[in-house]
Structures are given as C-alpha cells and as structure tokens.
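To find a chain, count down the sequence lines: A is the first, B the second, and so on, and within it residues start at 1.
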Amino acid sequence: MSAARLGSVPGPVMVAAGCGGTGRELLPYADQSGLDGLDLVTRSITLDARSGGPGPRVVEVPGGLVNAVGLPNPGLEHFLATELPWLVRAGARVFVSVAGATMGEYADLARRLSRAPGVAGLEVNVGAPDEAGAGLFEVREPYHAASVIAAVRREFPTDRPVLAKLRPDVSRIVEGARACHEAGATAVVVGNAVPAAFADGRPAGLSGPAISPIALRCVAEVHRALPDVPTIGCGGVHDLASARAFLDAGARGVQVGTALLNDPTTVARLRAVLLPDHLTTPEETP
Amino acid sequence: MPEERGTPAGPVHVEGEVVATKRVGAYRHLTLAAPGIPERFRAGSFVAVTVAGHVARRALWVHRVRGSSAFGPTLDVVVQVQGSGTAWLAAQPVGTRIAITGPLGRAFALPKEAVSCLLVGEGYAAAPLFPLAERLRERGCAVSLVVSAPDEAHLLSALEARRSARSVTVLTADGSVGQRGGVPDHVDELLRRSDADVVYAAGPAVVLRSAAAAAERAGAWSQVAVEVPTPCGTGLCHGCPLPVVGEDGVDRVVRACTEGPVVRGDRVRWDHL
C-alpha cells in the first residue's frame with residue numbers, strides 16, 4: 001500500500017493527544033480563526049468511560065512533567081454525542097486518538113469512528129509509556145503494534161489517515177516505524193511520554209523539553225533508515241527552534257503537547273509562523 | 001459563551017507585570033498589572049502564572065482586583081513559598097514581566113436574594129473570600145467572615161474586610177491572636193450565631209470539609225473553593241482530579257481547574273480527595 005492511498009499527512013503543527021482538553025479549553029487561546037483548520041488529536045478515547053488514575057497525576061520535574069493521568073475520557077458513545085460534534089462545528093480537523101485493552105477493541109473503535117461524521121483521521125496510541133498500568137493492549141513488540149495498526153486499517157477508510165503513535169524507544173524505533181507503516185499507517189508519530197516513574201516508584205511517563213533530544217534522535221533515525229515513511233515529531237516542542245529541529249531532521253510535522261500546559265497559546269503562535277497563509281482571507285490574497 | 005452583565009467572558013493569556021510587592025506576615029503580596037483579567041474576574045476564580053525555568057504553572061488565588069489604577073487594571077495575589085517555583089515568584093522585583101492566564105475556573109455562585117452568609121477561610125487560600133465579601137455586600141447580604149490560621153503570621157489581614165463584613169472572627173491554632181482553635185472547633189457555633197443560609201469556604205480540605213458538614217447539619221447551602229494542584233490550570237491536562245457526586249447522584253471525577261475550583265460542599269467526595 002502506498003501512503004498516497006492512505007490519506008494525506010496532517011501538519012505541520014498539531015495538538016498532541018492528551019494535551020488539548022476536550023478542545024473547548026483551547027478556544028480562548030486560539031487566534032482569530034479559532035479552531036478552524038486546526039489539526040487536533042483528541043485525548044485517547046476508549047470504548048468505555050474511564051475516570052483516570054488517582055492524584056497526583058502530574059508532577060513537575062526539571063525540564064518536564066511526569067504524568068500518570070490514566071486516560072480519563074467519557075467513552076466512545078459520549079464522545080461521539082458531545083465532544084466530537086462540538087469540535088467538528090468549531091472547524092477543527094479531528095484526529096481521534098484510540099486506545100484499547102484488546103485488538104478487538106481497537107478494531108471496534110476504528111469501525112465506529114469510520115462512520116462518525118467529521119473524523120479526519122485516527123491516531124492509534126501504540127506507545128503509551130505503561131500499557132500494563134493503563135490496562136492497554138501490550139504493544140512493546142513492533143509486531144504487536146503493527147497488528148493493532150492492521151486491525152484498525154481494516155476498519156477505517158483508506159482515503160483517511162491513520163497515524164501510529166510510537167514511544168521514543170531509540171533501540172527499536174526504526175523497527176516499530178517500519179512495521180506500522182507496512183501495516184498501513186499513513187505516518188508514524190515519533191515520540192510519546194518516555195517511560196518514567198514518580199518519586200515513589202509509581203510508573204509514569206516523562207514529557208516536556210527534557211525528552212526533546214530523545215524524540216529528535218528517533219525521528220532522525222527513522223528518516224535516515226526509512227526516508228519514505230512520513231514522520232511527525234512529538235516530544236518537547238515548545239518554540240519555533242524546537243519545531244524546526246524536528247522538521248530539519250525530516251519530520252513532516254510536529255505535535256505540541258506539554259508546551260500547551262505551560263503556555264496555551266503555543267500552537268496558535270507556531271501556526272502563525274509555520275502556516276503563514278492560514279490567516280490570509282481571500283480578499284487579502286493578491 | 002454566555003456573558004454575565006456585559007462583562008467579557010472566558011480567560012485570556014496576557015503578559016503582565018509585577019507593579020508592587022510587599023511582605024505581609026509569612027506571605028508575599030504581589031500586585032500584577034494584567035490587562036483583561038480584572039474585568040473578567042469573579043470571586044473564586046484564579047489565575048495561573050508561568051514561572052521561569054518551570055514547565056508546570058503556578059495557580060494563585062486572587063485577593064483583590066482593581067479595574068483601573070496608575071498601572072491599568074491590576075490584581076493582587078498572595079504567594080506562600082512552598083517550593084522553588086513560588087520562591088522565584090515571591091522574589092521577583094517590581095518590573096518583572098510574567099505570563100498570566102485568567103480568570104480560570106468556576107467562581108462562587110452568588111445568592112439571588114439578600115441572605116445571611118458565613119465566609120470561612122484559612123491561610124493564604126482564604127484570599128478569594130475578600131472579593132466575595134464585597135460582592136455579597138453589594139447585594140445586601142449580611143456577611144460574617146471567619147479567618148483562621150495556625151498563627152498570626154499566616155493570617156490574611158481581616159482588617160480590610162471589616163468594611164464588607166458585618167462581623168469578623170479571627171481564629172488561630174496557637175491563640176496568638178483572636179480565638180484559639182481551628183475552624184472545625186468553632187464552625188457549628190459560628191454558623192448558629194450568624195444564622196447563615198449560605199456557607200462559603202476557602203482553605204485546606206479539612207476546613208472545607210468541616211464547613212460543608214456544618215452547613216449540611218444546619219440545613220444551609222455550602223460552596224467550597226477546593227485547592228488541588230493544577231499543573232496547567234486551563235483544563236488541558238486532566239491532571240487535577242476532583243472526586244464529586246454529580247447532580248445525577250453518580251460518582252465521577254472532574255477537573256478541579258475547570259469544573260471547580262468552587263463546587264457545592266455536599267458534592268465533594270472528601271474521603272477520596
């Protein structure tokens with residue numbers, strides 16, 4: 001399968017999963033076009049509602065945040081009835097992040113989302129820092145991640161993109177990216193929270209500027225080994241320089257996550273520079 | 001978004017400036033020029049500020065707002081130094097520019113009629129009760145204010161509230177000023193004496209819980225401003241779980257920064273907090 005047959009790659013700036021709230025919370029910090037045309041990845045949606053883990057869920061460390069939020073979300077039904085229609089009305093290009101406990105759940109999510117109006121694409125969460133803790137399907141082996149992508153691909157229209165979000169595992173990233181792309185992923189999102197722990201040893205994920213060099217290394221490795229596999233960099237993007245570093249390393253786009261928690265206008269500011277035309281109205285076009 | 005009485009709705013993210021700073025007891029009071037925020041502020045909402053060298057933001061209670069001053073619209077916040085971020089904030093001199101987002105969260109709901117209200121606060125977190133007392137007085141409510149602290153240094157000044165409150169009671173755990181004891185020791189008696197229909201509380205969980213329980217015993221409504229660490233303050237990260245019972249009786253976990261910080265006292269699942 002060629003990538004062209006599997007939907008186009010979004011970007012160059014996207015809201016990363018888990019850092020855009022329900023989407024509504026971003027609106028006060030958007031530019032004058034609001035969420036119109038914004039590539040937004042939702043928080044991970046599971047079949048059933050999840051209330052998330054106990055507090056503290058997010059703890060600050062030098063250079064980043066350690067989190068174990070536990071994928072709180074209202075479940076697919078409620079998401080389809082409330083959050084998705086709102087996002088679609090607001091004009092966002094919605095990429096639904098999906099997470100499941102079994103391969104069947106991933107397929108079920110993909111099948112039902114394929115019929116939901118306004119879903120621009122899917123992002124398959126195959127790189128949570130701690131699948132076991134979050135009760136997710138174990139995808140540490142590239143083969144397993146690829147199986148999930150294939151299951152999702154079978155249920156989702158080929159003209160819309162499926163993104164595979166991989167953990168920045170330097171030793172296995174090329175293997176994972178290759179397997180997911182061969183299984184039908186339009187692009188691989190290289191970078192997610194890095195497996196870490198809270199001070200008391202509780203499993204968690206590290207995000208923020210501290211992990212940027214790790215994600216960048218992974219993007220560069222994938223691009224060097226698999227130049228035809230579109231990659232989207234994700235990890236510590238917080239300003240133009242950090243975004244450019246990913247683009248220069250071969251990424252087609254970047255996702256912004258933790259930086260939004262520090263400055264909710266980050267995506268709007270990066271879009272203004274990296275998408276200079278998106279604010280131009282037809283009347284202003286020469 | 002709905003607008004109330006013509007005030008602009010929703011939070012804004014602005015570059016503000018420290019225009020005054022003074023030490024008050026154990027706290028640092030900062031006055032921040034923050035264009036757009038005072039106009040939108042309602043008592044109980046808060047602001048989040050960016051702290052140099054830190055990824056998480058610091059949520060601050062607002063003690064006072066001025067629609068206009070020599071520096072434009074300003075807001076006063078109370079900083080208690082608890083770590084390197086708040087230490088940085090407390091040390092900033094006049095002129096420092098700071099990114100501020102606000103007002104954030106749900107504010108105290110005001111009664112429609114002029115009823116009797118008991119306001120109970122402890123430590124720096126009592127800050128939102130002061131602008132609340134002013135709003136209530138404007139509505140003709142009889143306000144009884146209780147400010148509590150471990151000792152005198154951690155007491156927010158009750159003097160300035162005297163013009164908004166019918167009565168002010170000071171409690172300190174060590175008895176250094178006012179009555180000796182904490183909110184849980186006195187709240188039932190204070191509630192009985194004030195004959196309040198509504199109890200508003202701001203402070204540590206133990207204070208909120210005792211105020212909410214006293215209100216329930218007396219058949220009064222209660223609203224509490226819950227302080228849960230909010231890493232972003234804006235609702236984006238889902239990192240500030242607040243366990244509540246919904247209107248439908250179903251247990252759920254909401255975000256303290258967007259569905260709170262003010263919630264009905266009888267709705268909080270205190271044992272799970």
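- In terms of heavy atoms, B/Pro11 sits closest to A/Pro28 at O-CB, 3.5 Å.
- Contacts between residues 248-273 of chain B and chain A, defined by a heavy-atom separation under 4.5 Å, are made by B/Val253, B/Arg255, B/Thr258.
- Heavy-atom distances place the side chain of B/Thr101, and not its backbone, under 4.5 Å from chain A.
- With a threshold of 4.5 angstrom between heavy atoms, B/Ile100 does not approach chain A through any atom at all.
- Highest contact tally toward chain B, considering only A/Pro56, A/Ala210, A/Gly23, A/Ser51, is held by A/Ser51 [criterion: heavy-atom pairs under 4.5 Å].
- Counting non-hydrogen atoms of other residues, nucleotides and ligands closer than 6.0 Å to CZ of B/Arg106 gives a total of 12 or fewer.
- Only the side chain of A/Pro209 comes within contact range of chain B, with at least one heavy atom under 4.5 Å from a heavy atom of that chain.
- Each of A/Asp263, A/Leu261, A/Leu260 was compared with B/Cys232 under the side chain to side chain contact (heavy atoms under 4.5 Å, CB included) criterion, and only A/Leu261 meets it.
- When all heavy atoms of B/Leu236 and A/Cys19 are compared, the closest pair comes out as CB-O, 3.5 Å.
- Scanning residues 69-84 of chain A against chain B with a 4.5 Å non-hydrogen threshold yields A/Val69, A/Pro72, sorted by number.
- Contact record, B/Ala56 with A/Glu60: N-OE2, 3.0 Å, taken as the closest heavy-atom pair.
- Within 6.0 Å of CZ in A/Arg269 there are more than 12 heavy atoms belonging to other residues, nucleotides or ligands.
- A/Asn262 and B/His54 make their closest contact through ND2-O, 3.2 Å (heavy atoms, listed as atom of the first residue, atom of the second, distance).
- Taking all atoms of both residues into account, the shortest heavy-atom contact from B/Val12 to A/Tyr29 is C-CE2, 4.2 Å.
- A distance of 7.5 Å separates OG1 in A/Thr266 from NE2 in B/His13, rounded to the nearest 0.5 Å.
- Among all heavy-atom pairs drawn from A/Pro54 and B/Pro241, the shortest one is C-CG, 4.4 Å.
- In this structure, SG in B/Cys237 is found 7.5 Å from CG in A/Leu65, a value given to the nearest 0.5 Å.
- Between chain B and the residues A/Gly55, A/Gly257, A/Gly52, A/Gly64, the most heavy-atom pairs under 4.5 angstrom are made by A/Gly64.
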